[in-house]
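Treat the numbers as computed from the prediction; the structure is a model and nothing was measured. The first residue in the sequence is number 1, and the count goes up from there.
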Amino acid sequence: MDLILSSKKADKTIVEVEGVGGYYTWSSTQFPVLSQKKIAAGLLVLQPRGFALPHYADSSKIGYVCEGECTAGLISPEDSKEEVIKIQKGDALPITVGTVSWWCNAGDTKLKIIFLGESSEDYTPGEFCYFFLTSAAGILNGFSNELIAKTFHMTQTESEKLVKDQSGLNIIIKVNEGIQIPNASSSAKRKFVYNLDGAKPCVEVKNGGHLSSVSLKNIPLLGEIGLSANRVVLECGAVLGPIFTPDSSIYLSYITKGSGRVVIVGLFGKVVLDTKVEEGDLFFVPKFFPFVVEADEGGIEFVSMKTSSKEVYGKLSGGKKSVWEAASPSILEASLNMIPDLIKSFESKIAKGAVIAPPSNV
């Protein structure tokens, strides 16, 4: 296996408009594992009244709101109905391939959304490829005035003005105060959105932290795109893992707050990554590779996308459903090369543990 594992901050600016916002990605040239495994990430930042124009992409993904709030519009190619949703910090929502979406920060503070998903191999493996409906980079700007006039039943003068108006338009703009953004639908939010920050944790450990997840059980659409996500909050000195993905899926994780250490172990017990991570970093975990995340003094928070719609992981730590707890005492004795008394002590400690461990001094 020739995978170069590392943690990286976004290194490629797609667009940046002062006072309005920007869109940033992790390039496959600087982070080659993205193209090798056909996964991608993108970070959307919008200031108040910032607006990302309507577009669609070549890949499905999950968006997670790191901070702020916004109104988003989703238009599925299957029914051509616009679903308008208001999302806030902690919300996760799936965006399917080919779905037209727009994003508007109608709040008073900065908006930051991380997108994690699988990338298409047709255009730029390891990066999301976007097709904008309008702007200088939009599809309307690509067709001739004559074709635009025929397609939209316009006069030549009208089509020329429409195309000309696109030429000076960026893909991220500031919306005029007079423009009324459509009202959001509460039913659409229930259908598409799941708040990871406010959800009941799957795992919660006193002085350790908690883990929340969203899968096809919460949003059926995730079953169609084959993705799921989780959010982990670790307190000072706490440890997540070791865990691994038993269903051949992979993890792509983004640090939303704090800092810590990530250790990944590969074939034959070889450490393939042991690095410090901090807010803004992206890291990747190959299928079947066990990994551990340890929080620094200020704690750490991160969100992960998993290339499976089922939230299943193998526990190599303690607690219920742990591999160690399930194994027979005689198998543990032979495998660990320990005397029976030590095996009993090991089993008792394993039984008290969990996938998240608080600091040893707590």
Side-chain angles (χ1 to χ4, degrees), residues 1-14 22-45 61-64 66-67 112-119 124-128 196 209 211 227 229-245 249-267 269-307 313 316 355-356:
M1 173 178 282
D2 185 22
L3 289 177
I4 301 175
L5 301 183
S6 59
S7 61
K8 299 274 188 180
K9 286 186 168 57
D11 64 291
K12 187 175 180 180
T13 301
I14 303 301
Y23 185 75
Y24 313 90
T25 68
W26 286 256
S27 65
S28 54
T29 54
Q30 295 298 316
F31 206 171
V33 72
L34 297 179
S35 59
Q36 290 171 330
K37 293 303 174 182
K38 300 180 180 62
I39 50 179
L43 182 66
L44 175 65
V45 177
K61 51 191 175 291
I62 295 176
Y64 171 80
C66 303
E67 63 177 281
K112 185 187 293 185
I113 303 178
I114 183 69
F115 295 101
L116 304 170
E118 296 184 285
S119 71
T124 310
E127 299 180 37
F128 298 130
L196 283 171
L211 181 154
L227 300 175
N230 62 50
R231 174 179 178 259
V232 175
V233 176
L234 296 178
E235 297 181 27
C236 170
V239 175
L240 169 75
I243 59 175
F244 70 97
T245 56
S249 58
I250 56 181
Y251 272 107
L252 187 61
S253 302
Y254 176 78
I255 311 298
T256 58
K257 186 178 180 181
S259 62
R261 177 188 179 198
V262 174
V263 181
I264 304 175
V265 175
L267 298 173
K270 180 183 177 181
V271 176
V272 294
L273 182 69
D274 186 345
T275 187
K276 180 180 174 63
V277 292
E278 60 186 15
E279 182 177 335
D281 280 346
L282 189 75
F283 71 91
F284 160 80
V285 182
K287 58 184 179 180
F288 302 120
F289 281 27
F291 70 99
V292 164
V293 179
E294 181 181 22
D296 280 345
E297 185 177 344
I300 190 171
E301 299 179 16
F302 61 97
V303 61
S304 303
M305 178 276 301
K306 185 169 174 278
T307 56
Y313 52 87
L316 297 174
V355 69
I356 293 176

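The minimum heavy-atom distance linking P286 with I264 is given by the pair CD-CG2, 4.4 Å. Considering every non-hydrogen atom in both G117 and L227, the closest pair reads CA-CD1, 4.3 Å. Counting all heavy atoms, side chain and backbone alike, G241 lies closest to V292 at C-CG2, 4.0 Å. Here the shortest heavy-atom pairing between T245 and K306 reads CG2-CE, 3.8 Å. Minimum interatomic distance between P32 and T29 (heavy atoms only, all atoms of both residues): CD-O, 4.0 Å. Nearest heavy-atom pair, G126 versus A40, reported as atom, atom and distance to 0.1 Å: O-CB, 3.6 Å.
Cation-pi check for K61 over F128 is met; the charged atom lies under 6.0 angstrom from the ring centroid and within 45 degrees of its normal.
Within the 3.5 Å criterion, the main-chain N or O of S27 finds a donor-acceptor partner in the side chain of D11. Between the side chain of W26 and the backbone N or O of K8, at least one donor-acceptor pair lies under 3.5 Å. Of the possible polar contacts, none joining the E118 side chain to the K38 backbone as a donor-acceptor pair under 3.5 Å is found.
In this structure, CZ in F284 is found 11.0 Å from OG in S6, a value given to the nearest 0.5 Å. Rounded to the nearest 0.5 angstrom, E67 CD and I114 CD1 are separated by 12.0 Å. To the nearest 0.5 angstrom, C66 atom SG is 13.5 Å from F302 atom CZ. Atoms CD and CD1, on E235 and I300 in that order, are 13.5 Å from each other to the nearest 0.5 Å. Between the NZ atom in K112 and the CG atom in L43 there is a gap of 6.0 Å [rounded to 0.5 Å].
Not counting sequence neighbours, the partners of F244 by the side-chain contact (heavy atoms from CB on, under 4.5 Å) test are P246, P290, L316.
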Just distance, no hydrogens or angles: give the donor-acceptor pairs under 3.5 Å from side chains in residues 250-260, sequence neighbours left out.
{"residue": "S253", "atom": "OG", "partner": "S304", "partner atom": "OG", "Å": "2.5"}
{"residue": "T256", "atom": "OG1", "partner": "E301", "partner atom": "O", "Å": "3.2"}
{"residue": "S259", "atom": "OG", "partner": "D296", "partner atom": "OD2", "Å": "2.8"}

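Counting heavy atoms from C-beta on, the side chains of N230 and L196 never come closer than 4.5 Å. Residues L211 and L240 form a side-chain contact, since some pair of their non-hydrogen atoms from C-beta on lies under 4.5 Å apart. The side-chain heavy atoms of I243 and F291, taken from C-beta on, include a pair separated by under 4.5 Å. Contact annotation: the side chain of Y23 approaches that of F115 to within less than 4.5 Å [non-hydrogen atoms, C-beta and beyond]. Contact annotation: the side chain of I62 never approaches that of L116 to less than 4.5 Å [non-hydrogen atoms, C-beta and beyond].
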